[in-house]
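Data first, discussion second: the structure below is written as structure tokens.
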Number of protein chains: 2
Amino acid sequence: MDDSPATTDGTPTLAQVAERAGVSPITVSRVVRLPDLVAAATRERVEAAMRELGYVPNLVAGSLASARTRAVGVLVPTVANAIFADTIQGISDTLEPLGYAVFLAQSHYDDVREEKMLSALLARRPEALIMVGSPATAAGARMLRRARIPVVETWDLPANPIDAVAGFDNKAAGVAVARHFASAGRRKLAFIGGDEPRAGRRWAGFYQAAQEAGLEPPLRLVLSRNAGAGVAAAADLTGRDGVFAANDALAFGLLAGLRLNGRGVPKDVGVVGLGDLEIGRLIFPALSTVRIDGEAIGQTAGRLTLSREGPRQIDLGFSLVIRETG
Amino acid sequence: MDDSPATTDGTPTLAQVAERAGVSPITVSRVVRLPDLVAAATRERVEAAMRELGYVPNLVAGSLASARTRAVGVLVPTVANAIFADTIQGISDTLEPLGYAVFLAQSHYDDVREEKMLSALLARRPEALIMVGSPATAAGARMLRRARIPVVETWDLPANPIDAVAGFDNKAAGVAVARHFASAGRRKLAFIGGDEPRAGRRWAGFYQAAQEAGLEPPLRLVLSRNAGAGVAAAADLTGRDGVFAANDALAFGLLAGLRLNGRGVPKDVGVVGLGDLEIGRLIFPALSTVRIDGEAIGQTAGRLTLSREGPRQIDLGFSLVIRETG
DNA sequence: TGGCCCAATGATAGCGCTGTCATTTGCGGC
DNA sequence: GCCGCAAATGACAGCGCTATCATTGGGCCA
């Protein structure tokens, strides 16, 4: 086009915009960040130069200079499991409009990987970090504390939180389900779920409440996290009349397995899931479940990230939604 | 602890590590990035200093200096829709082990927002950008071209791609479903879906193939994207005997609505979804669907991001999976 | 009319790293 | 015993911005 410095390299810099607009670099910087401080005429000239050059600010340089990245790190066990998608959505919907970006990482329920991802995330200097659950390792927790940024633990109510919390009481959820089964006259309960900490707490509450209700000790099946495992589990659940699945996906699988085994739901077995995925309402029989508002968790986590005011440990609760499966 | 410079500010810098280890900053940098270039004894000394100080490298500074961010931007319409979760997972699983981070943004099927997110993403200087679909605006496309980084468009086969593609032929999917309905003797077809480009292409193929098969012109219902809309749609579909839902979630809702309306599936109406969510296999009647391997799309996109070699427009295809709904 | 204040703009220095050369040291071969 | 070379380390400059002061030039009031 012309011989402006922009033709030298692909991406124009703020200085090149400044030169073209006949102003100093700092003025261009202000047009981008604090337009009110710049006279309208100047601003227009600068904006024209930016447009002509196709200028895209370099936030990595800006972040270094200002010590503000305008980004938050988000660490989830996995995104494929629909259960956390709403939470990610909630986070991103509350933070994106404010100019924050989301760095997403997955731990895959693996402690080593979690620690690695935590440090990879922290290396990018997010202004806050939101994770599902709590750090599994002491080293992970230490890193988070040293980072001196807001940290939000979600989907749980840790006894000893690092900073903020947006979650619910997993143990109480287990208790509620066991009591429900007991009051419905079911006697031989079972629990299916993974071996991660939150499922463990659900189990603990479930077991305890079953005992307190005078039922025989419930069975626990530790499964891998996909719905297919739920299908297979049905075969090992003969004789059980109330099953709490640690998440809805497992419950859907279980329902399918039960159908294959010719067992009636809810007549022969009651099934309760956790999460309240939309599909649960739509299938037949409609899934009874522990409703968790994953999006609210995400929104709350996002908000806790932005301000240090107010209560920082928030219990979003859950509710037992009894539909057709038990 | 002691009077090392680290006590001054929260986060120690590379220079502070260097001082404590008695080496130059560049040596510390090498221990982090190219440990083989450093003598074992020196390396151990540096590593000890890093441990003692709790050093976490500052990648934003490193990125600026090296002009490499080791990050990719990912833009999806929404993460709540389970259909893209597998793709994000595929991307992140192939890129994270190589040290890349993922910047995640959502467009919410909104052109303005998409453009905004694109430029926000680009401002962070990702080394590649992966998006579902193609930029909706010319400005968006221009930004991507100017960025001079690998760009992967997914979930579609754009006629005029910016760079790489990992997708499938949405129109052909529509054709396949219409032909299937026709050969099953269904005469009065309908299509339900959003008004976004990919759904539009599915409709186009569906419509065309229905015409070619001599059926009367199918009906198109434009719905919002949640499953609830599928439930409501059932009422407007009386008299139709074959319905293609642009995604599985809508299909689940439709199935529920049809049940409420007392219409038999597949006897009275056939229903085919798209995506092949795991649940579709588990419910009864099991959902017929156009199977898309979202995870493979993500993995392929990730791979296309890393190397400029080989074919860059990859059609991952789809397959029609007829189960119990039609 | 002089002084003061605010609006508008700029100069300077540096954020915490890494690329690109040096420079130093040890060691084998002739 | 000296030269050359590779291994190990370092000096320097600079990535593209922004924080933090200046500095300039009216406009307005006493």
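Each chain gets a letter, A, B and so on, in the order its sequence line appears, and its residues count up from 1. Bear in mind that the values here come from a model prediction, so they are computed numbers and not experimental data.
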Which atoms of nucleotides 18-21 of chain C (N or O only) lie under 3.5 Å from a protein N or O atom, and what are those distances?
residue : atom : partner : partner atom : Å
C:dT18  : OP1  : B:Arg33 : NE           : 3.2
C:dT18  : OP2  : B:Ser29 : OG           : 2.1
C:dG19  : OP2  : B:Arg33 : NH1          : 2.9

Between CD on residue A:Gln106 and OG1 on residue A:Thr78, distance to nearest 0.5 Å: 5.0 Å
Flag, side chain of B:Arg146 to backbone of A:Leu53, donor-acceptor distance under 3.5 Å: yes
Side-chain N,O (A:Ser24) to OP1/OP2 (C:dA11) below 4.0 Å: no
Distance, nearest 0.5 Å, that separates OG1 of B:Thr154 from CG of B:Leu316: 9.5 Å
I'd like a table of donor-acceptor pairs (distance under 3.5 Å, sequence neighbours excluded) in which one partner is a side-chain atom from residues 128-137 of chain B, with atom names and distances.
residue  : atom : partner  : partner atom : Å
B:Ser134 : OG   : B:Glu153 : OE1          : 2.5
B:Thr137 : OG1  : B:Glu115 : OE1          : 2.9
B:Thr137 : OG1  : B:Gly140 : N            : 3.0

Distance test, side-chain N/O of A:Thr27 to OP1/OP2 of C:dT9, below 4.0 Å: no
Spacing of A:Leu64 atom CG relative to D:dG14 atom P, expressed in whole Å: 17 Å
Contact letters for nucleotides 22-27 of chain D, in which S counts primed atoms plus P, OP1 and OP2 and B counts the base, heavy atoms under 4.0 Å: ------
Sugar-phosphate only, base, or nothing, as touched by A:Val60 at under 4.0 Å among non-hydrogen atoms: nothing
B:Arg124 versus A:Gly99, closest heavy-atom pair with distance: NH2-O, 4.0 Å
Distance, nearest 0.5 Å, that separates OH of A:Tyr109 from CZ of A:Arg198: 6.0 Å
Touch class at under 4.0 angstrom, heavy-atom based, for B:Ala39 against every strand present: sugar-phosphate
Residue met sooner reading DNA chain C from 5', once B:Val56 and A:Gly22 are mapped to nucleotides: A:Gly22
N/O (side chain, A:Tyr55) to phosphate O (OP1/OP2, D:dG16) under 4.0 Å: no
Nearest-0.5 Å distance that lies between atom CE in B:Met143 and atom CG in B:Leu121: 9.5 Å
Separation between CD1 of A:Ile297 and CG of A:Leu304, rounded to the nearest 0.5 Å: 11.5 Å
Proximal nucleotide (of D:dC17, C:dT9, C:dG16) relative to the A:Asn58 side chain: D:dC17
